[in-house]
Amino acid sequence: MTTSSRSTLQEIPAGVWVLGFVSMLMDISSEMIHSLLPLFMVTSLGASAFAVGLVEGLGESTALIVKVFSGTISDYLGKRKGLAILGYTIGALSKPLFAVASVTGVVLTARVLDRIGKGIRGAPRDALIADIVPAHLRGAAFGLRQSLDTVGALIGPLLAVSFMLLWANDFRAVFWVAVIPGLMAVALLVFGLREPAHHQGSQRVNPLRRENITRLGRSYWWVVGVGAVFTLARFSEAFLVLRAQQSGISLAFVPLVMVAMNVVYALSAYPFGKLSDRMSHTKLLALGFMVLIAADLVLATSEHWGVVLAGVALWGIHMGMTQGLFAALIAHTAPPDLRGTAYGLFALVSGLAMLLASVLAGLLWDHLGASFTFYVGAVFCAVSLMGLAWSKTSSRA
C-alpha cells in the first residue's frame, strides 16, 4: 500500500470503519444463506429458475423500494442510526425462517423480510457516511465500506462451503449458523457508532413535499436514470450460482463462484472508489458498462468451470467499478438535508428495474436456456452504454 493510500485511509473517520464492519458481519450472515439459496430451492424444494428469479427479484426490489421510506424518515427526523439498527435487526431475525422453510412461499417470505431489513438500513447508513465524511473523501469512504461489505460476502460463501462439507450438504444447519454474525452486526452498530451531533434537534419538514423534490436537480435525476437502465442490464447473482451448477462441480463447492466474484469485488471496490474522486464519473461508469458486457458474453459462451470463473471475475470487477460510484454520485448531487430521500428515490426506481430484470432472466433461463439469458443481458447493457454516451453531451455527473 502506498503512502498516499495509507494517508487516505487514516483520514477516513472511525464511524465509516464501524459501518463497514457492521456491513461485513451482516454480509457474512446473508451470504452464508444466499450463496446456497438457489441450490436449496432447486434441489431441495424443486423450484424452477423462474421461481428463483421471482424470489430474488421480489427480495432485491423490496429492499430498494423500502429505502425511499427509510431515507425520507431519516431526513424528517434528522436521525439515522435508529433506523439503521431497526433494519439490521430485522435482517438478523429473518434468518431462522430460511432454516425452517419447507416450501417456496416460506423462502419468499423470509427473503422479503430480510430485504425489508436491508431496505430500512441502506439509505440511512449511506446518508450517515455522507454526513460523516468530507466531500473530498466520499468516493474513498464509500469504496472502503463497500470493500468491507464485500469481504463479508467473501467469507460467507467460504463458511457455507466448509459447513456443507462438514455436515454432508445440510442446508438447514448452515442457515441456523448464519444467525450468529447477523446478531453480532446489530450489537456492533448499537455500541460502536455515535451519530453526528448536528442531526439532533433539526427542524422537521416533510422531505417529499413538492418544493423539496424540485430541489433534487437535473444532475441527480440523471444519476437516477442511468442507475435504472444499468439495473435493467444486470440481474441477480443467483444466476451466477445456477450457471456454476451447470459446470458439473460438486454441490458443496458451487458457492465458491460467489467467493471468486467477491474476492475481485472486494479488491477492486476501494481502488475504484478512490479513482472516482479523481476522474470523470461518466467515463468510469462507461468502463463499468463495458466490463459487464464482457462478463455476460463470457458467461454465455460456455458452461465449462474455467470460462464461468472468468465471467464471474469480470462481473466482480464491474461491481467494484460501479456500486460505490453510484452512492458517491448521489452524495455529490443531492442537498445534504435530502440525502436520505435521494438515496431512497434512487433505490425505488432501481428496485422496480431489478424486479423486472430478475423475472425476465428467470423466464429466459427456463424457456431459452442460460446462454440466451446472458446474451440478452449483454444487449441491454450495450443499449445502456449507448444511452450514456448520448446523454453525456447534455448531462454531466
Side-chain angles (χ1 to χ4, degrees), residues 15 17-41 44-45 55-56 59-60 63 81-102 106-122 124-125 145-193 237-238 241 251-259 261-263 265-266:
W17 289 91
V18 170
L19 289 168
F21 283 113
V22 168
S23 292
M24 183 185 74
L25 286 167
M26 185 55 75
D27 242 38
I28 290 173
S29 175
S30 295
E31 291 304 322
M32 285 180 69
I33 294 175
H34 299 158
S35 63
L36 294 173
L37 196 58
L39 303 176
F40 175 66
M41 292 179 65
S44 296
L45 303 182
V55 168
E56 290 295 315
E60 292 301 330
K81 180 179 174 180
L83 282 170
I85 291 171
L86 175 63
Y88 278 105
T89 301
I90 292 174
L93 296 181
S94 71
K95 300 300 189 284
L97 282 177
F98 292 101
V100 301
S102 58
V106 177
V107 172
L108 176 60
T109 301
R111 188 77 166 111
V112 169
L113 282 174
D114 177 51
R115 298 297 87 179
I116 286 174
K118 181 177 181 179
I120 291 173
R121 66 185 181 252
R125 180 203 61 211
R145 191 209 64 82
Q146 195 66 60
S147 287
L148 290 171
D149 180 272
T150 309
V151 168
L154 162 65
I155 295 173
L158 281 175
L159 290 176
V161 170
S162 300
F163 289 132
M164 286 285 281
L165 291 171
L166 181 64
W167 294 328
N169 295 336
D170 189 340
F171 289 100
R172 298 181 192 278
V174 180
F175 294 167
W176 279 115
V177 173
V179 177
I180 298 171
L183 295 176
M184 292 172 62
V186 176
L188 177 59
L189 179 58
V190 170
F191 299 109
L193 180 72
E237 281 79 30
V241 175
L251 190 67
F253 289 108
V254 171
L256 289 176
V257 71
M258 296 303 293
V259 174
M261 188 200 79
N262 285 308
V263 165
Y265 189 2

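Distance check: Phe163 CZ to Asp170 CG gives 12.0 Å after rounding to the nearest 0.5 Å. Rounding to the nearest 0.5 Å places CZ of Phe98 at 8.5 Å from CG of Leu113. Taken from CG in Leu93 to CG in Leu183, the straight-line distance is 6.5 Å, to the nearest 0.5 Å. In this structure, CD1 in Ile116 is found 7.0 Å from CD1 in Ile90, a value given to the nearest 0.5 Å. Expressed to the nearest 0.5 Å, how far NZ of Lys118 lies from OG of Ser30 amounts to 8.0 Å.
You'll find the side chain of His34 stays beyond 4.5 Å of the side chain of Met258, heavy atoms only. Between Ile155 and Val259 the shortest side-chain heavy-atom distance does not fall below 4.5 Å.
Of all heavy-atom pairs spanning Val22 and Ala185, the tightest one is O-CB, 3.6 Å. Here the closest non-hydrogen pair linking Tyr88 and Met26 is O-CE, 3.2 Å. The heavy-atom pair separating Lys81 from Val190 by the smallest distance is NZ-O, 3.0 Å. Considering all non-hydrogen atoms of both residues, Leu189 and Leu19 come closest at CD1-CD2, 4.0 Å. Contact between Gly192 and Val18 at its shortest, heavy atoms only, is O-CG2, 3.5 Å. The two residues Ala84 and Arg121 come nearest to each other via the heavy atoms O-CB, 3.7 Å.
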Would you tabulate the side-chain donor-acceptor contacts of residues 171-182 under 3.5 Å, counting partners in other chains and residues two or more places apart, or write 'none'?
{"unit_1": "Arg172", "atom_1": "NH1", "unit_2": "Ala99", "atom_2": "O", "d": "3.0"}
{"unit_1": "Arg172", "atom_1": "NH1", "unit_2": "Ala101", "atom_2": "O", "d": "2.4"}
{"unit_1": "Arg172", "atom_1": "NH2", "unit_2": "Ala101", "atom_2": "O", "d": "2.8"}

- Run the side chain to side chain contact (heavy atoms under 4.5 Å, CB included) check on Tyr265 and Leu154 step by step: do they pass? CA-CA 9 Å; Tyr265 189 2; Leu154 162 65; over 6 Å; no
- Begin from the C-alpha positions of Leu165 and Phe253 and carry the test side chain to side chain contact (heavy atoms under 4.5 Å, CB included) through to its verdict. CA-CA 9 Å; Leu165 291 171; Phe253 289 108; 3.9 Å; yes
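For Asp27, the salt bridge (charged side-chain N to carboxylate O under 4.0 Å, His left out) test picks out no residue, with sequence neighbours left out.
Put simply, the side chain of Lys95 never gets that close to the backbone of Ser29: no donor and acceptor are under 3.5 Å apart.
With Pro124 as the fixed residue, the side chain to side chain contact (heavy atoms under 4.5 Å, CB included) test singles out one of Leu83, Leu86, Ile85: Leu83.
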